[in-house]
Each structure stands twice: as C-alpha cells, then as structure tokens.
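All residue numbers refer to positions in the sequence shown, counting from 1. Since this is a predicted model, take the numbers as computed values, not measurements. For ligands, and for the atoms within them, numbers begin at 1 and follow the listed sequence.
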Amino acid sequence: RLDDDPSRPSYHVTPPANWLNDPNGLIHWNGRYHLFYQYNPAGPFHNTIHWGHAVSDDLVHWEDRPVALTPSPDGPDRDGCWSGCAVDNAGVPTVLYTGGRDKRQLPCIATAADDDLTAWDKDPDNPIIEELPAEPEVLRTEDWEGEFRDHCVWRENETWHQLIGAGIEGGGGAALLYESADLRNWEYQGPILAGDRDTAGTVWECPELLDFGDRQLLHISNYEDVVYFLGTYEDGEFDVDRRDKLDHGDFYAPQSMWTDDGRILTWGWLPEARDVSGQWDAGWSGAMSLPRELSLADDGGLCQRPAPELTELRGDNTSYDVVRLDAGDTEQLPVESRSFELRATVRLEDAEAVELSVLESPDGEERTPIRYSYESEIAVDRSASSTDPQATGDTQTMRVRPYDAPLSLRVFVDGSVVEVFANERHCLTSRVYPTREDATGISLSAEDGHATIASLDVWELDSVW
Ligand code: DQQ
C-alpha cells in the first residue's frame, strides 16, 4: 500500500495504489464482509476497469485481497468490468455486472469459485441481456450504442428482480426493471421511475432500491449528484413523495449492504477534487466513504449516521463540557491531527455564524472552515484549503434545520477527506489537499454575536489497515 502521502486517508478504504471508483458487490459471506470496487491496477486513471477487493471481519478494519474480476480479452467485458452487485443464489455467491465492449454495455454474470470470493467463474453465456429494451428507447451517444448499465438485484416471492440504470432518448435518466426465475433469463418490465432531464440528469447510473418496510428509497447517480427518492414502490412503480441529495459534496455511485441485525449500511465513492496531474503525481485516486447507516425518522425523513462500529477506531480523546464563543474570539483546540472525529452540539444563540476550522496551519495560510450560519446552511469553504493549484478551491453547501434548534455535528477528517454529518440527516463530504505539514490545527469562532458549543469531543482515529 502507498502510505507515505499525508493526503492518503488512513481510516477510509482506498485502493492499495492506482484508481478506485464505485463500491460494488457488497456482501456478508461466510462470516466476513466483502467490499469490491471499480479498480484500475494500471494507474490512477479510469480505464480497463477490474473489480478490486477488500474484506473485513468487523466493518471497520480492512484487508486487501487480490483483484477479483479482470476483463477477458475475448469476452463481452473486454473493455471493463463495470459496476454491479452481489446476491446469494441459494448458497452460490453471484455477481451481476456490466461488461463494456466496443460501444456496448452488456450485462454479465459470474459465480464465486471459492468461499473467500477471490476467484469468480464468468458464465459462458455472457452477456445475459443482449437486446436493449425497445420501449422507451434507450439513449445513444457518440460513445455508446445505449446508456444501459449497473445492476441492483433482489429476490421477492421466488422471483429475481433487477434494476438497470439507463438514459431515455429525448428524456432523462431511468431505472429499468427486469424479472427472472434463474438470474440468467430476464424479462423486461419497464421503468419503475424515469426522471425529467432538467432536474434529474440525462442518465441514471447505479440505481439502488432500498426497502424500509412500508416505504422505499430509490437512489440514482446522475453524473453530478446522488439523488434519492422516498416513497412507495409497488408492482413495478415508484410513487415519490420526497426527494433530496444523499450527500451535497464529493460522493457518488453508492451501494448498500444489509447487516445480519437488519441495518442498511451504505458506502459511496469519494472522487478526487484535484486535477488529473495531481492524481498522477500521487499514484492513487479515489476513496470510499465511511459506512453510513440509513434509516427512516418518525417524520418519514431519511436519517444518515456514521456506522456505530466506527467508534472502535477512537483513540486519544479531548473533551469539553461547554465552550462559549464571543464575537471575534478564536478558540484553538489543543489537538493537532489529520485523522480525527469531532462531535459537538452547536447553538448559535445570537451569532450570525459559527466557524469550525480544520486542517489549519498556525498562520491560517491553509485552513478549511466549516461554517454553520443563521441562514441554516453549512458551507465547507475550500478557498484556502490548499496552496496547491492542482486542488479545487470552491465552496460546497447544504441546508440544515432552522438555526434556533441546536445543531448536532459530526465531522470526520482523514488525510484529504472531510465528511460532515449534520443532525444525523444531512451529509456533505469534501476532498481537500493541504500541503503544509503543520496544517493540522482545529479552531472555533463565532461571528457577530455569541454562540455555545456543548459536549465537544475530538478523538484521534486509528488506521483501518
Ligand atoms: N462507474 C462505472 C459504471 C457506472 C459509473 C464504471 C458510475 O458502471 O455507471 O466504472 O461512477
């Protein structure tokens, strides 16, 4: 593993070196958790994608495994083994993924050749779906004969159901439903939901349907954002009553796993926010988010909180019962770290905003302020995050609940990752690249009034490797 780069996260899953994008094939098998991911072993760029593999016994500590899927020179996946999912087919771990060949995107299937899921047998009959659906017509582009890829498969009433992401000619993105008795012969049913291209993108990648009992959630990735729809899914149709973004920052193409105790854990790809030359110089690109537990609140809204297992990583702790901030004061915390968790409850009182600044150099030349304002907005300001011109400097924002209620904040900083959870509901993940060795400070300040920070804790977090 490359590990001498201060931007390398230590408690987020990263590839040993080279390129990582989407999480794939998440499955709890034979007592271990398997996380596969889109991987290019040849370099830190997206090309000829394989499936990388990491395993964990506790969802927190990970071990690298050999590459699990490799494009076959004569196969339908010659140009890449793209995103897909894993299912347990009566004791046979099985993955469905998209093969790329020439200008086509071709659904493929493979079964595990061993119990450690290190070797996979590709089905000789691949691709398992050759024809694009006729109605509605799938979008053709200059690069692709049909935007038709990524797989979410589940079993219900003895029937396998599959969603494939697509774009519709003249329309927006869509999640297309198929049904099968054997995972190999699929019958097209139609879209369960199709978006309007102005608000939800032209192509939906990596659709995933999650069942919360009486309500369901469908999320899709539309080249920019991960949009989720909450509502009810029945008989092939999704009725939407709420819609939002799963994350307001650098987070894409998530996939989920059910734990044995009935929880949904979701991982997303955290793409880089530095240019390709910066990624090339680093020798690695892409990280996984922390696992997030998704659930529904009593009011029907979506809750997202860091998986409770992550508390295992906590080391040295710095704690305050209360910090009172007056306008103009800056409270420097006695912690210097690039891999920590911060938890706090913030009351604005009469302040305009509270600023929590992380990855801060003593002279403030490099710093990443997380600003919570009276307008009920959280902004991660990257304009001074890095003096490296290869790094992005824009500001990312999200709305949270009204300023007059306390804000519960959890912030995870890890090398170049800043993952913010607000009120266990809203998430904003940012990638930042401080260059200075001393950009490890944390400070708090209030603007135009006073604010109270209650129960503030900072924990150093250990590596997961
Ligand atoms: N990444 C995969 C595709 C998917 C996209 C290719 C989303 O299967 O549509 O690496 O990031």
Side-chain angles (χ1 to χ4, degrees), residues 15 18-26 35-53 67-71 76-86 95-110 126-129 132 138-139 141 143-153 162-168 172-176 195 200-208 218-227 245-247 249-256 266-273 276 279 285-289 429 431:
N18 303 315
W19 172 270
L20 164 151
N21 61 299
D22 317 348
N24 292 148
L26 292 161
L35 167 60
F36 300 92
Y37 52 86
Q38 295 280 283
Y39 180 50
N40 178 12
F45 52 94
H46 187 273
N47 193 31
T48 319
I49 293 297
H50 296 50
W51 276 32
H53 186 192
V67 165
L69 285 181
T70 300
D77 58 5
R78 186 183 66 196
D79 300 339
C81 301
W82 296 331
S83 286
C85 64
V95 295
L96 288 98
Y97 66 99
T98 302
R101 187 176 64 199
D102 304 326
K103 289 182 151 206
R104 301 182 67 196
Q105 301 176 358
L106 299 161
C108 293
I109 191 167
N126 280 337
I128 49 170
I129 301 175
L132 290 172
V138 169
L139 180 67
T141 61
D143 296 329
W144 301 111
E145 276 176 23
E147 297 279 8
F148 177 71
R149 63 183 173 277
D150 309 335
H151 310 262
C152 166
V153 178
Q162 165 167 223
L163 293 182
I164 299 183
I168 301 304
L176 307 179
T202 50
V203 176
W204 285 1
E205 304 185 289
C206 303
E208 187 177 57
L218 171 73
H219 67 74
I220 56 93
S221 295
N222 66 10
Y223 290 150
E224 298 245 313
D225 297 312
V226 183
V227 177
K245 291 184 197 173
L246 209 54
D247 192 290
D250 304 316
F251 179 96
Y252 199 70
Q255 200 180 103
S256 311
T266 305
W267 284 258
W269 164 37
L270 310 183
E272 300 303 313
V276 289
Q279 298 172 45
S285 177
M288 274 313 150
S289 70
T429 305
R431 301 298 308 278

Exam field: side chain E272 to backbone G286, donor-acceptor pair closer than 3.5 Å: yes

Aromatic plane relationship, W51 with F36 - under 30° parallel, 30 to 60° tilted, over 60° perpendicular: tilted

N/O donor-acceptor pair under 3.5 Å between Q38 side chain and C81 backbone: yes

S256-E208 side chain donor-acceptor pair, cut-off 3.5 Å: yes

Once you restrict both partners to nitrogen or oxygen, which atoms of ligand 1 have a protein partner under 3.5 Å, and how far apart are they?
unit_1, atom_1, unit_2, atom_2, d
ligand 1, 1 (N), N21, ND2, 3.3
ligand 1, 1 (N), D22, OD2, 2.8
ligand 1, 8 (O), S83, N, 3.1
ligand 1, 8 (O), D150, OD1, 2.5
ligand 1, 9 (O), R149, NE, 2.8
ligand 1, 9 (O), D150, OD1, 3.4
ligand 1, 9 (O), D150, OD2, 2.6
ligand 1, 9 (O), E205, OE2, 2.7
ligand 1, 10 (O), N21, ND2, 3.0
ligand 1, 10 (O), Q38, OE1, 2.6
ligand 1, 10 (O), H46, NE2, 2.7
ligand 1, 11 (O), D22, OD1, 2.8
ligand 1, 11 (O), D22, OD2, 3.3

Carboxylate-amine/guanidinium proximity below 4.0 Å for R431 and D250: no

With sequence neighbours excluded, residues passing side chain to side chain contact (heavy atoms under 4.5 Å, CB included) with A200: W204, R243

